[in-house]
Number of protein chains: 2
Amino acid sequence: MSVRLRPIQALKLWHEVGLTMVRRHGVDLTSRQMVVLLTIYLEPPPHTVRGLAQKLGVTKPVITRALDAMGDLDLVSRRRDPADRRNVIIQRTVRGALFLEEFGDLIVESAQVLAP
Amino acid sequence: MSVRLRPIQALKLWHEVGLTMVRRHGVDLTSRQMVVLLTIYLEPPPHTVRGLAQKLGVTKPVITRALDAMGDLDLVSRRRDPADRRNVIIQRTVRGALFLEEFGDLIVESAQVLAP
DNA sequence: GTCAATTGTTTCATAGCCGTATCATAATGG
DNA sequence: CCATTATGATACGGCTATGAAACAATTGAC
């Protein structure tokens, strides 16, 4: 099942969701941070700094700092890889899963309200 | 016609669109800037600094600076209102319209690729 | 054991955004 | 007129993000 969506509806959807997030004054992530978070939760593990940097086409410090910021918010966590201690394994958290669950619901609700 | 969309698809859609925008290394707007831009293009004019600030629930300087940034990118323009010269009327630009048109198309394309 | 390669982090200098408070300009009302 | 109100812009101090470069820790090859 593909999702039917026309450009104008798509823009209205982005508008509505963005408006809700801005007004909510809660967690405010950069677009890059958001992509990192979604990658961690939507794609199969393991996730490393290097892998995420390559996938997004950004430098490693960008990933490190995004993980710092989201770690402070308890949206992700980090562990050294026991097998190769140079690697850092990025893991999901309960709070991160909850945040994205609510975010997905917000999008769905916004989509349902879209004018015909 | 309402848009059918389930939470997991919604998150995948956000992921895909965000990934494309980050990789593109082009125009990189804040979430607030994006909401301002979409408001200007989707809602009926006239748009003022004060009106946008109220709608988004942010302070006026946030709007002024967002308009500065987007004005530098030629995504919006400003004119004094001849009737009441305290007001500033925010206007659309060709480049802004083109940018959002492409963005809408990107969302639609991403939606079509979503796995069932 | 030693040296090179790999990984993630930190440092550095720069740039941008934020909210509060203040400012300059313009309209309005007595 | 002159005081008051309204609008948008600016100054300020603080915080955060950025890329490039240097860094420490670890692994692997010889």
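Naming: A, B, ... by sequence-line order, numbering from 1 per chain.
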| query | Of D81(A) and V58(A), whose nearest nucleotide on DNA chain D comes first from the 5' end? | reply |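 That would be V58(A).
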| For the residue pair W14(B) and W14(A), does the interplanar ring angle fall in the parallel (under 30°), tilted (30 to 60°) or perpendicular (over 60°) class? |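 W14(B) and W14(A): parallel rings.
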| task | Output yes when at least one side-chain N/O atom of Q33(B) is less than 4.0 Å from OP1 or OP2 of dC17(C), else no. | result |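 Answer is yes, contact under 4.0 Å.
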| query | Can you find a side chain N or O atom of N87(A) that sits less than 4.0 Å from OP1 or OP2 on dG8(C)? | reply |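 For dG8(C), OP1/OP2 do have a side-chain N/O of N87(A) under 4.0 Å.
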Using whole Å, what does the distance between atom [atom2] of nucleotide [N] and atom [atom1] of [X] come to?
X      : N       : atom1 : atom2 : answer
I89(A) : dT9(C)  : CD1   : C1'   : 16 Å
H47(B) : dT7(D)  : NE2   : P     : 17 Å
D84(B) : dT5(D)  : CG    : C1'   : 12 Å
H25(B) : dT18(D) : NE2   : P     : 10 Å
D28(B) : dC17(C) : CG    : C1'   : 13 Å
R85(B) : dG8(D)  : CZ    : P     : 13 Å

| query | Taking 4.0 angstrom as the limit, do D68(B) and R78(B) come out as a salt bridge? | reply |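 Here D68(B) pairs with R78(B) in a salt bridge, since their nearest N and O are under 4.0 Å apart.
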Mark yes or no for whether [X], through its side chain, and [Y], through its backbone, hold a donor-acceptor pair below 3.5 Å.
X       : Y       : answer
R95(B)  : L73(B)  : yes
E109(B) : L106(B) : no
R23(B)  : K55(A)  : yes

| request: Identify, with sequence neighbours excluded, every residue that meets side-chain contact (heavy atoms from CB on, under 4.5 Å) alongside R92(A). | output: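 Applying side-chain contact (heavy atoms from CB on, under 4.5 Å) to R92(A) gives I40(A), Y41(A), P45(A).
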Side chain of [X] (C-beta onward), nearest among [options]:
X      : options                  : answer
R86(A) : dT6(C), dG8(C), dG8(D)   : dT6(C)
R32(B) : dG19(C), dA26(C), dG8(C) : dG19(C)
V49(A) : dT18(D), dT9(C), dA27(C) : dT9(C)

| request: For the residue pair N87(B) and R80(B), establish whether any side-chain heavy-atom pair is separated by less than 4.5 Å. | output: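 No, side chains not in contact.
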| query | Which of residues 59-78 of chain B sit near DNA chain C, with a heavy atom under 4.0 Å from it? | reply |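 Contacting residues: T59(B), P61(B), V62(B), R65(B), A69(B).
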